[in-house]
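A short write-up of the structure that comes next.
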Amino acid sequence: MIDLRTLRDDPERLRVSQRARGEDDTVVERLLDLDERRRSALSSFESLRAEQKSFGRSVSKAQGDERQKLLDRAKELAQQVKEADAEAQRLDQELTELLRTVPNIVEEGAPAGGEEDYVVLETVGTPPTFAFEPKDHLELGEALGAIDMERGAKVAGARFFYLTGVGAQLQLALLNLAMEQAIGYGFTAMVPPVLVKPEAMEGTGFLGAHAAEVYQLPQEDLYLVGTSEVPLAGYHMNEIISDLPRRYVAWSSCFRREAGSYGKDTRGIIRVHQFDKVEMFSYCDPADAHEEHLRLLEWEKEMLAKVELPYRVIDTAGGDLGTSAARKYDCEAWVPTQKRYRELTSTSNCTDFQARRLSVRHRDGNGRTRPVATLNGTLATTRWIVAILENHQQADGSVLVPKALQRFLGREVLEPVAK
RNA sequence: GGUGGAGUCGCCUAGUGGCCGAGGGCGCACGCCUCGAAAGCGUGUGAUGGGGCAACUCAUCCGUGGGUUCAAAUCCCACCUCCACCGCCA
């Protein structure tokens with residue numbers, strides 16, 4: 001949720017941001033108008049209520065006829081208060097509803113435009129060249145006894161899979177390495193709930209434009225999270241926290257409906273309904289958020305270096321930002337059989353947008369409460385297996401294990417197994 | 001799932017329709033005292049929103065949401081959470 005006071009002081013900033021996202025900028029006028037009407041209705045209610053309160057006290061002291069007269073007037077007042085309250089509440093609700101549809105203000109410097117308008121900030125490493133026809137991750141994974149899509153589909157349906165044998169071990173290795181790195185940098189390790197209440201889902205901005213992506217359990221009024229960002233942001237919901245920054249690293253399964261992606265990435269484990277992820281999450285002073293964002297990106301790059309993958313970093317354009325994000329950097333690894341880069345990590349600076357919705361505050365220098373900034377970034381996911389298998393494959397169908405993962409797997413090479 | 005009990009300011013607690021515009025204690029902050037500290041004494045002490053340059057001021061908030069009433073922490077209804085016991089269970 002954006003700050004109404006900022007909006008009043010500098011409405012142009014939101015207009016510019018809305019245009020950078022390719023969204024309606026006339027919402028600014030509607031917000032300002034509603035806000036003014038709301039404040040005036042609130043004032044009316046408050047002065048009526050103040051009158052009612054002082055009046056009530058005189059009723060309690062009065063006797064006989066005098067009391068009856070006062071009571072008649074009090075009833076009238078009560079009716080007026082009720083109406084003024086209803087009107088103020090109605091406008092407040094209307095404003096809040098509209099305000100909640102407005103995405104975060106895009107950070108200055110982010111590219112304008114849509115999905116294709118990203119800017120490549122950096123390319124690290126070089127895509128491998130093979131003296132043979134490289135196999136895709138699924139073919140490799142099946143030969144290694146690492147991935148079983150068929151049985152995934154049998155038991156759970158399309159876009160579900162089993163990681164088996166070295167595949168399961170590889171994922172555990174990757175996620176453990178990620179946890180270890182973050183813990184080493186002072187992050188607090190977390191294993192969060194993956195079913196959350198509507199407030200947490202709504203507060204993190206996932207029930208807006210992307211609501212169709214989210215699994216819902218109507219019987220329980222709970223949602224399955226698509227990322228541990230949700231329970232991590234909710235962790236300090238309705239709190240005033242001290243000692244910023246607070247950094248958490250969570251290991252969780254993630255669930256996504258992938259509605260609207262029919263026919264896209266149907267092969268293998270690139271786009272699936274359930275995967276595991278290690279996610280970094282920071283609460284920090286909004287003044288430090290930009291720096292913190294760059295730190296998260298550095299930590300992601302460090303992980304990518306450890307698994308020895310060629311990748312590039314992109315600066316996502318405004319129109320491709322999530323509701324809550326003001327700026328987003330993705331690291332995309334080279335996928336040889338697709339001859340293109342695919343997203344492995346994503347780090348977003350949500351500034352105070354989520355914190356305002358979730359009411360996570362800290363005290364500023366003057367002792368006033370202010371929303372904090374929240375940021376998140378990926379440190380490893382199941383999808384990394386795709387890039388590792390494909391980039392480190394050899395002619396005989398075996399796959400070299402990156403050095404950093406060897407001690408977790410207890411081997412240097414993954415060998416094909418007999419069917 | 002059932003039955004019973006409980007949810008009041010950071011923590012503990014008082015509070016059974018108007019004197020609650022929520023009292024007290026602890027903690028915390030500041031001051032006095034002291035060579036310094038402890039103890040003691042004094043003062044202050046939340047959140048959200050509105051108005052104001054500001055000091056300040058007004059309204060709302062006693063788990064949440066409704067309701068009754070001129071007036072609700074207090075009465076009524078529903079829900080949530082916690083505790084205890086019972087039942088069921090990977």
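The chains referred to below are lettered A, B, ... by the order of the sequence lines, with proteins before strands, and numbering in each begins at 1.
Atom C1' of nucleotide rG67(B) and atom CG of D85(A) are separated by 14 Å, given to the nearest angstrom. Between E239(A) atom CD and rU48(B) atom C1' there is a gap of 17 Å when expressed in whole angstrom units. Atom CG in L95(A) sits roughly 13 Å away from atom P in rG49(B) (whole-Å rounding). When rounded to the nearest whole Å, the span between CG of L91(A) and C1' of rG49(B) equals 15 Å. Nucleotide rA47(B) holds its C1' atom 11 Å from the CG atom of N238(A), rounded to whole Å. For the pair I241(A) CD1 and rG46(B) C1', the interatomic distance rounds to 18 Å; values are reported in whole Å.
Taking 4.0 angstrom as the limit, R368(A) places none of its side-chain polar atoms (N or O) nearer than this to OP1 or OP2 of rA47(B). Proximity of R363(A) to the phosphate of rG10(B): no side-chain N or O atom is located under 4.0 Å from OP1 or OP2. A close approach under 4.0 Å does occur between a side-chain nitrogen or oxygen of T369(A) and OP1 or OP2 of rU48(B).
Pairing of rG65(B), defined by two Watson-Crick or G-U wobble distances under 3.5 Å, is identified with rC77(B). Base-pair partner of rA22(B): not found among the strands shown (Watson-Crick or G-U wobble, both distances under 3.5 Å). Across all strands shown, nothing is found opposite rA14(B) as a Watson-Crick or G-U wobble partner with both distances under 3.5 Å. Base-pair partner of rU43(B): rA29(B) (Watson-Crick or G-U wobble, both distances under 3.5 Å). rG1(B) and rC86(B) make up a base pair, with Watson-Crick or G-U wobble contacts both under 3.5 Å.
Using a 4.0 Å cut-off between charged nitrogen and carboxylate oxygen, D221(A) and K197(A) do not count as a salt-bridge pair. With respect to R30(A) and D33(A), no salt bridge is recorded, no charged nitrogen being found less than 4.0 Å from a carboxylate O.
Near RNA chain B, meaning a heavy atom under 4.0 Å from it, residues 29-45 of chain A has R38(A), R39(A), L42(A), S43(A), F45(A) in order of number.
The gap from the C1' atom of rU74(B) to that of rA14(B) amounts to 13 Å, rounded to the nearest Å. A gap of 28 Å separates the P atoms of rC77(B) and rA22(B), to the nearest Å. Between the C1' atoms of rA72(B) and rG1(B), the separation comes to 34 Å (whole Å). Atom name C1', nucleotides rC80(B) and rU68(B): the rounded distance is 23 Å, in whole Å. Distance check on atom P: rU16(B) versus rU69(B) gives 23 Å, rounded to whole Å. Nucleotides rU3(B) and rG66(B) are separated by 26 Å at their C1' atoms, to the nearest Å. Taking atom C1' on both rU57(B) and rA6(B), the two are 38 Å apart, rounded to the nearest angstrom.
For R327(A), the side-chain hydrogen bond (donor to acceptor under 3.5 Å, both in side chains) criterion is met by E107(A), D315(A), not counting sequence neighbours. For H236(A), the ring-ring contact (aromatic ring centres under 6.0 Å, His included) partners two or more places apart in sequence, or in a different chain, are Y248(A), Y283(A). Partners of R247(A) under the salt bridge (charged side-chain N to carboxylate O under 4.0 Å, His left out) rule, at least two apart in sequence or in another chain, are E292(A). Residues meeting the side chain to side chain contact (heavy atoms under 4.5 Å, CB included) test with K403(A), sequence neighbours left out: E308(A), Q406(A).
Comparing S359(A) and K197(A), the nucleotide of RNA chain B nearest to each residue sits closer to the 5' end for S359(A). When the nearest nucleotides of RNA chain B are assigned to R370(A) and Q89(A) by heavy-atom distance, the more 5′-ward of the two goes with R370(A).
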With a 3.5 Å cut-off and sequence neighbours excluded, list the donor-acceptor pairs that the side chains of residues 169-178 of chain A form with protein atoms.
unit_1  : atom_1 : unit_2  : atom_2 : d
Q171(A) : OE1    : T382(A) : OG1    : 2.7
N176(A) : ND2    : L172(A) : O      : 2.9

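In terms of polar N and O atoms assigned as donor or acceptor, the side chain of E46(A) never comes within less than 3.5 Å of the base of rG51(B) in a complementary pairing.
When each of rA47(B), rU68(B), rA59(B) is scored by its nearest atom to the side-chain atoms of K82(A), the top-ranked nucleotide is rU68(B).
Using cut-offs of 30° and 60° for the angle between ring planes, the Y341(A) and W334(A) rings count as perpendicular.
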